[in-house]
Novice: 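Structure in structure tokens, see below.
Computed from a predicted model, the values in this text were never measured in an experiment. Convention: sequence-line order gives letters A, B, ...; per-chain numbering from 1.
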Amino acid sequence: MISEVAGQYNAKEVEGKVRKFWDDNGIYIKTRTMRSGGRKFFFVDGPPYTTGRIHLGTAWNKIIKDSILRFKSMNDFVIKDRAGWDMHGLPIEVKVEEHLGFKSKKDIETYGVDRFIDKCKEFALSQKDQMTEQFRTLGAWLNWEDPYMTLKDEYLEAAWWTLKRANERNLLERGFRVVNWCPRCETAIADAEVEYWEETDPSIYVKFPVVGQENTFMMIWTTTPWTIPANVGVAVHPQFEYSRVRAWKDDPEKAEILIIATPLVESVLREGRYRDYEILDRFGGTELEGLRYEHPLVDLIPAQRDIAHKIYLADFVTAENTGSVHIAPGHGLEDFELGVAEDMPIFCPVGEDGRYTAEAGEKYVGKYVRSANEEVNSDLAERGLLLAEGDLVHRYGHCWRCKTPIIYIATPQWFLKISDLRNDMLEEIARVKWYPDWAGSARFRDWISGARDWCISRQRYWGIPLPIWICGKCGEMEVIGSMEELNARSGTVVEELHRPAVDLVTLKCPCGGEMRRVPDVFDVWFDSAVASWATLNYPRDQEQIKEWWPADFITEGHDQTRGWFYSQLGASMVSFGVAPYKSVLMHGFTLDDKGKKMSKSIGNVVSPEEVVSKFGADTLRFYVLSSNAPWEDIHFSWEEMANTNRMLNILWNAYRFPLPYMILDRFDPTRTTMEKCLENLRPEDRWILSRANTLAAEIQAGMDSYQLHRATRALADFVLEDLSRWYIQLVRPRTWIETDDPDKLAAYATIYEVMVTLAKLLAPFAPFTAETIYQNLVRSTDSNAPESVHLCDWHRPRDDFIDEALEKEMDLVRVVVEAVSNARQKGGRKLRWPVSDVVISPSKEIPDLEDLLGVLKSQTNCKRVTVMNVGEKPPMEIAINPVPKKIGPVFKGEAQKVIEVLKEADSAMVRAGISAGDCVVGGYAISPDMVEFLEKIPENLVAAEFPSGWVYVDVTLTEELKAEGYAREIIRRVQDMRKELDLRVEEKIEASIRVEDEKVLKLVATMKEHIASEVRAKHLDMGPTLDIISWLENLEGSLVKDWSVEDVSMTIGISRGQ
RNA sequence: GGGCCCGUAGCUUAGCAUGGUUGGAGCGCACGGCUGAUAACCGUGAGGUCACGCGUUCGAAUCGCGUCGGGCCCA
């Protein structure tokens, strides 16, 4: 049996019950197993990093995924949906270090790498568990029982296998490169891990003495004085013009000769506070090539003595500062590239801890570079080589985890030669379907076009160890692809593949030497890069990949363009030579209501838990899905969240409204089926059925193009506009019919059909609410029905129910009803009071309203509706408007009188006279130009416009209409009192009504039976005195109230029938 | 500094690829109405430099260029 539902929508209660129902009955597993014969849909979850707390963006991400997967499942797809967790890397190391109070890598070594790794693992696993709970609260259905985890041995093997493939394909390379380096974490960090913000740094102009030209200097500028000790060259632009300038301060005799880009001469000299100057000569940058200079601190840094310092040409030089760039190939990316191309020595006298090494000379050794800036500056100044010194605020990179300013140093690292694959990648992504299109065709394309080799090594602990072993004797290298291979090759058995266990494994080199693993671990981005095959347990499991790979669909935020979309593509190109996904939906970010990014420091962060506790998961889900196109950023708004909640509440009210009547009438949907009621459907029933099926088609279309906002907005519109605002209003009187009327049953069957359909359409988006409705309406009446709405098939639009013409007609009815309501308001006639006539006067062709005249009449509360032909109007009154300008000159002094007379005259007669050419009014001969005739709407009519015409409402009250009006006023008040007494819908009452006004009493008396039946009164008495009520006063369960109805006072008394 | 995206009422937004009669909604506000969905529901009204500027065009929210603001990414 269907149960009655009391009270407003209570998300907490609904969701709690549903979650328990799902858990107790294993509904999720059933959805995934029941479709085993269906088409395959391989979804790869972009693994969130195990931070312990989800935020609104990750919530949105999983909600999108869940809605799509639920939809796909209902459409008979068998789905692969392992949830994923990204669990390695520096963020967790840093957290554990903080927890243990560590300051540097040495602390870790002292503590013990094995213990440290255990802590990291423990930490990651507990964070994962916490987050799983949070995602589950949202109703996100992924395979949480068996997620892929980047810290599992089988996962590590997927990464190992991939690297082995890279090596086989000659795409793995060891190289000395300049990398972003965190001197605290003592590791290379990826470009993506560099966070930029403003930092104040020194800004210095330095004079490099030119060899063999006395008192002549190359001018350079830098914000990193600490890199000067590593300087080996200067770059100038081949197309710029440079000047040799003779400049002096006080004494022209003590002038110096400086080489500066011509347009920058004045600004540089201003920096150096020179008083005057003369230009000696000008020349192109190419003429400077090869010019030699002396390192400014050569006396302090012995290693610099053996380096030949020269001028080089480079296109990256900009016309800023001095127009010449100081080149330290050990400390800059461009510097390094130029250095390699020009065969400069790659001099990097800075260690991994960010301190100068012995190569920097006795004075600097052991000093932390960023703190050495001042010392370098003063050393330059002492030698008279510091032209100017100041401060500059600019954006500088920092380690994303520990916030330490990064430095660039040249170190040996391992690289994947992605740049070799650039063109193949471009070809592959063109084959991928992108939503929106520009995510692939513009954004991702641009990114790949600039693809550089990928530095995959990190000098850390908590990560996938690089499976590279190198012979200490001959330098031979070997890449191991799996645990099994390692055991076989080494003759030992490793317990797990993490450090430090794997570090202890040595291999025998064919040369007889011992091979040891390189100490590095993988860049954590490499972990998730192999997710699409690691989630299938490849290479351990050789079967699944054949069945499923590549992924049918992935979706992540737009930051993943250069992140996971890219890393996966790169790894897949290396391994398989094709893209690992067929379609990608790029979604946006969740920003605050002003469009600013949510951040702890601004204090504008909204957490998913907060939203769920206020409004529930379904509201959050529906909100994030409907508020924007998925690829746009959400400007989070509490107001809109409340609005979405309101929509669900209205849906809830619409759902529960008919239940008491259905229960009362023992409505059984398995017996009174839709098909049996077809003949008794009213046009409005056919209309709502048509709308529901049109809606199903709209949602389908939205989902097919991943326009989740279109799907959900169509749903909300249907609920608010069609169902609540319209159909429920139309159907109400029918639920009040007492007998077993086929018309009532047709209404029940229709509501039932619509609500069940709606539950299915809602299931992917608001799964809890949909389930609740479904359980009550379907499962409680039909034990053969699928156990859960999520086990149902998607509702295919029924063509036999869709009637476009009828939908158009109803659209018209609704705008006409609106217009009538507008007219009533103008005419001061409220809806309870019937009107005799509504006239529709279209200004263009409109649909035939024949079918829906009944609806129109009931909703406008009128007795008769007349539809006129296009352009036709009800007869208008004609008003005369005298034209003084014409009357004056003819009648002079009598003009005023003529005007008066005309105003009083019968307009029809005047008009007849004018058209007959002989018009005399009050003795005055009136010519046609003296009067204008204006159309005037008759007093009894009120007009209002609708988009294709006008409606005219006759608001004249007759005795019959008044009687009906008063009757409705009384009925409404009695109903109000029934409610106050908390009577059940079907309970009978005794009622007495005292109406003092004799005239009104007479009118109302004519409606006595009607009133009695509407309020379910066994007896109804009416009269002018209080006697009629008094017997009720002391009766138990009675209520007596005074009312004023349109200024007529009444007393109404009711009591429970005996 | 570069690439991509976004900027429409107080708030959230439709319309923009195929330019064309007064730019639609919802929330909020004011007024009114309905009511056995009742702490719900409906109507009317006020509220818009379509971020700004220039251009293309008979005509621009819509197309182009530039500026400003926001987001992601890069330097």
Novice: Name the closest nucleotide to the A:Asp559 side chain, picking from B:U13, B:A37, B:C72.
Specialist: B:C72

Novice: State whether the distance check finds a donor on one side and an acceptor on the other, under 3.5 Å, for side chain A:Ser724 versus base B:A40.
Specialist: no

Novice: Tell me whether the OP1 or OP2 atom of B:G3 has a side-chain N or O from A:Arg562 closer than 4.0 Å.
Specialist: no

Novice: Any base atoms under 4.0 Å from A:Ser627, or only sugar-phosphate, or nothing? Heavy atoms, all strands.
Specialist: sugar-phosphate

Novice: Between B:G69 and B:C42, how far apart are the C1' atoms? Round to whole Å, please.
Specialist: 40 Å

Novice: Under 4.0 Å between a side-chain N/O of A:Arg443 and OP1 or OP2 of B:C73, yes or no?
Specialist: no

Novice: With C1' as the reference atom in both, quote the distance from B:C50 to B:G24 in angstrom, rounded to an integer.
Specialist: 12 Å

Novice: Please tell me which of A:Phe636 and A:Trp652 maps to the more 5' nucleotide of RNA chain B, matching each residue to the nucleotide holding its nearest heavy atom.
Specialist: A:Phe636

Novice: For A:Asn822 and B:C42, what is the distance between atoms CG and P respectively, to the nearest whole Å?
Specialist: 17 Å

Novice: Starting at CD of A:Glu632 and ending at P of B:C4, how long is that distance when rounded to a whole Å?
Specialist: 17 Å

Novice: What's the verdict on salt bridge (charged side-chain N to carboxylate O under 4.0 Å, His left out) for A:Arg177 and A:Asp453, showing C-alpha distance, side-chain angles and the deciding distance?
Specialist: CA-CA 11 Å; A:Arg177 302 273 173 105; A:Asp453 289 346; 3.8 Å; yes

Novice: Select base, sugar-phosphate, or nothing to describe what A:Trp631 touches, counting heavy atoms under 4.0 Å on all strands.
Specialist: nothing

Novice: Would you call the rings of A:His398 and A:Tyr396 parallel, tilted or perpendicular, taking 30° and 60° as the class edges?
Specialist: perpendicular

Novice: If each of A:Ala439 and A:Glu969 is mapped to the nucleotide of RNA chain B with the nearest heavy atom, which maps nearer the 5' terminus, i.e. the 5' end?
Specialist: A:Ala439

Novice: If you write RNA chain B from 5' to 3' in dot-bracket form, with Watson-Crick or G-U pairs under 3.5 Å, [ ] for crossing pairs and | for pairs with another strand, what do you get?
Specialist: (((((((..((((......[...)))).(((((.......))))).....(((((..]....)))))))))))).

Novice: Before we go on, tell me: are the rings of A:Trp833 and A:Tyr966 under 6.0 Å apart, centre to centre?
Specialist: yes

Novice: Using a heavy-atom cut-off of 4.0 Å across all strands, would you classify A:Arg984 as base, sugar-phosphate, or nothing?
Specialist: base

Novice: Rounded to whole angstrom units, what separation is found between the OH atom of A:Tyr408 and the P atom of B:A75?
Specialist: 8 Å

Novice: Is the positively charged end of A:Lys433 above the ring of A:Tyr435, judged by distance under 6.0 angstrom from the centroid and angle within 45° of the axis?
Specialist: yes

Novice: Could you check whether A:Phe565 gets within reach of a base, just the sugar-phosphate, or nothing at all, counting any heavy atom under 4.0 Å?
Specialist: nothing

Novice: Does a side-chain N or O from A:Arg832 land closer than 4.0 Å to OP1 or OP2 of B:C34, or not?
Specialist: yes

Novice: Could you tell me the separation between the CG atom of A:Leu591 and the P atom of B:C11, rounded to a whole number of Å?
Specialist: 16 Å

Novice: Do A:Glu640 and B:G26 share a donor-acceptor pair, side chain to base, under 3.5 Å?
Specialist: yes

Novice: Between A:Phe444 and A:Trp447, is the gap from one ring center to the other below 6.0 Å?
Specialist: no

Novice: Suppose you measure atom P in B:C72 against the same atom in B:A46; what distance do you get, rounded to whole Å?
Specialist: 40 Å

Novice: To the side chain of A:Arg452, which of B:A75, B:G43, B:C42 is closest?
Specialist: B:A75

Novice: When rounded to the nearest Å, what value does the distance between P atoms of B:A17 and B:C74 take?
Specialist: 33 Å

Novice: For A:Arg968, report the nucleic acid contact type (base, sugar-phosphate, nothing); a contact means any heavy atom under 4.0 Å.
Specialist: sugar-phosphate

Novice: Between B:A40 and A:Asn649, is there an OP1 or OP2 to side-chain N/O distance shorter than 4.0 Å?
Specialist: no

Novice: Base, sugar-phosphate or nothing for A:Glu818? Non-hydrogen atoms, less than 4.0 Å.
Specialist: sugar-phosphate

Novice: Would you tell me whether A:Trp221 and A:Ser203 have side-chain atoms, one donor and one acceptor, within less than 3.5 Å of each other?
Specialist: yes

Novice: Tell me whether the OP1 or OP2 atom of B:G33 has a side-chain N or O from A:Arg824 closer than 4.0 Å.
Specialist: no

Novice: Quick one: which of B:U13, B:C34, B:A40 gets closest to the side chain of A:Gln8?
Specialist: B:A40

Novice: So which nucleotide from B:A37, B:C34, B:G71 ends up closest to the side chain of A:Asp633?
Specialist: B:G71

Novice: When the C1' atoms of B:C65 and B:A60 are compared, how many Å lie between them, rounded to an integer?
Specialist: 15 Å

Novice: Examine B:C42: is either OP1 or OP2 under 4.0 Å from a nitrogen or oxygen in the side chain of A:Arg725? Give yes or no.
Specialist: yes

Novice: Scan A:Asn628 against the nucleic acid and name what it touches under 4.0 Å (heavy atoms): base, sugar-phosphate only, or nothing.
Specialist: sugar-phosphate

Novice: When you compare B:G33 with B:G53, how far apart are their C1' atoms, in angstrom units rounded to a whole number?
Specialist: 48 Å

Novice: Tell me whether the rings of A:Phe615 and A:Trp638 are parallel (<30°), tilted (30 to 60°) or perpendicular (>60°).
Specialist: tilted

Novice: What nucleotide among B:G33, B:C72, B:A37 has an atom nearest to a side-chain atom of A:Asn653?
Specialist: B:A37

Novice: Run the salt bridge (charged side-chain N to carboxylate O under 4.0 Å, His left out) check on A:Asp976 and A:Arg972 step by step: do they pass?
Specialist: CA-CA 6 Å; A:Asp976 202 58; A:Arg972 133 116 186 89; 3.5 Å; yes

Novice: Determine if the base of B:A39 is syn or anti; take syn to mean the glycosidic torsion is within 90° of 0.
Specialist: anti

Novice: How are the rings of A:Tyr727 and A:Trp687 set to each other: parallel, tilted or perpendicular (split at 30° and 60°)?
Specialist: tilted

Novice: Which word best sums up how the rings of A:Trp631 and A:His709 line up, parallel for under 30°, tilted for 30 to 60°, or perpendicular for over 60°?
Specialist: perpendicular

